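Nothing here was measured: the structure is a model prediction, and the numbers come from that model. Sequence lines set the chain letters: A, B, ... in the order given, protein chains first and strands last, and positions in each chain run from 1.
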Amino acid sequence: MRNRAGTMVSLLIVAIVVFGTILAMIELNPFWVAMGIWATLTAFLPVILTHNIRNILPWWLLALVASPFILSLIGYFFNYHISRLTFAGSWIAEIGCIFMVSLVTMLIIRAYSQVRMNQTFTISSAFLLYMGVLGIYGILDFYGDILFGTDNVPSNADYMIFLTASTIGGVVLSMLFSYYLRTISFEEFQATMVGKGVRI
Amino acid sequence: MRRPQFLITAFFSLIILGMLFISLSEGDSYAYSTELISLIILWIPPFLAWRQIIDLPWPAILFMGITLFLHSLGLVTLWYYSTFWWDKLTHFATGILVASLVAMGLLIILKYSKTIRIPNKWLAFFVFVAVLASEVFWEVFEFAMDSAVGTNMQHSLVDTINDILSNVVTGIIAGVGAAYFIRHDSLDSFIRGLNVERTVKRLRSRLIKENDIPKS
């Protein structure tokens, strides 16, 4: 169980994510709405499964997941919301957020279900989930453009350049995380998921 | 390779060979080069079985034959251009085939790994994720080929999105199918039929590190 301060910081980060999700709804941006809902769910899933608010995800992990939302909130007050970021800026924010939420999802599955995975398989599965989400992202944006009259995916070349760059980005992130997890014990990292046990 | 697998391969080879001659006589370079590649793909499973790498089950080879046949037929009859749903049909069929192969790969990992265990209720999710990811890899590959070699594998944004969407559906079918199969049949007897023991041993000695066994 986490201490009171840790829980409060985690809750504050979730509040930022929820605020960012509402802003994304107002701006008709289906991607950030979906990411916001997913990030919030991953944060609260351990709480729901264990019926204990103090089992919320650790604040540092949540901060990584929520970094685009936190940066966005800071930027919002300086009239520099995430939707106005440069292409490179928003791309880094997008792939970073997708990868982190994918990884956290896999860690939650590993911690709270009967699924058993070694470190390599966990990161590989997170990478596959990340790639799958990139595919669904395209579908969401495409139909979002048709429904809301936005222009998130202007052409096939634009989408494919994004997809190719994101694939390379995903490989780099997977390698970085593999390296990071080699420097600390994977079990130690997994231990941040408090209240472990088979619940889903 | 077992007799049914060989007969299926030979049967579809003859049909595609016939189409290859038609395309050659018409001088359609895209069609005959595709049919030639289809013939090569068709003989990959016999080659893998001969090299004792993997012995694919006959339904997988039958489906591969049907998929390649439909693709060649669409080129010879020009149905790809005249019938709007032909492209969707072939993509759906390819999706099912790829999904089955991905599911098979995952089942092999599950059977031989000491540190990976995926219960039945989670299998559908993992197969779905793997299928969807493989589709995205394929789209990136198509884009890379179009950019580097000048092929015309990707037609438009709508086509790309439809391809991914059809694989979302095939991923769900393959996931549910794999979970259903494992519930009703023996994983052991299925994997034994694939004859992958030797390949797994070879790969394990080279690649797989299983030193991080979870304690829980």
Got a second to check how far I116(B)'s CD1 is from T122(A)'s OG1, nearest 0.5 Å? 8.0 Å
L106(B) portion near chain A, given a 4.5 angstrom heavy-atom threshold: side chain
Considering only heavy atoms, give the residues of residues 135-148 of chain B separated from chain A by less than 4.5 Å, sorted numerically, with 'none' for an empty result. V136(B), F137(B), E139(B), V140(B), F143(B)
For chain A, which residues of residues 126-133 of chain B have heavy atoms nearer than 4.5 angstrom: F126(B), V129(B), A130(B), L132(B), A133(B)
Nearest 0.5 angstrom please: N118(A) CG to S113(B) OG, how far? 5.5 Å
What part of D159(B) gets closer than 4.5 Å to chain A, counting heavy atoms only: side chain, backbone, both or neither? neither
Residues of residues 83-104 of chain B within contact distance of chain A, non-hydrogen under 4.5 Å: none
Please round to the nearest 0.5 Å and tell me the distance separating atom CG of L157(B) and atom CZ of F142(A). 5.5 Å
How far does CG of L165(B) sit from CD1 of I139(A), to the nearest 0.5 angstrom? 4.5 Å
Which bit of Y130(A) comes within less than 4.5 Å of chain B, counting heavy atoms only: side chain, backbone, both or neither? neither
Under a plain distance cut-off of 3.5 Å, with no hydrogens placed, do T160(B) and N156(A) share a side-chain donor-acceptor pair? yes
Among residues at least two apart in sequence or on other chains, which ones pass side-chain contact (heavy atoms from CB on, under 4.5 Å) with I48(A)? F44(A)
So what's closer than 4.5 Å to chain B heavy atoms on T164(A): side chain, backbone, both or neither? both
Quick one: pull up CD1 in I109(B) and CE in M117(A) and give me the separation to the nearest 0.5 Å. 12.5 Å
Can you tell me how far CD1 of I118(B) sits from OG of S125(A), rounded to the nearest 0.5 angstrom? 6.5 Å
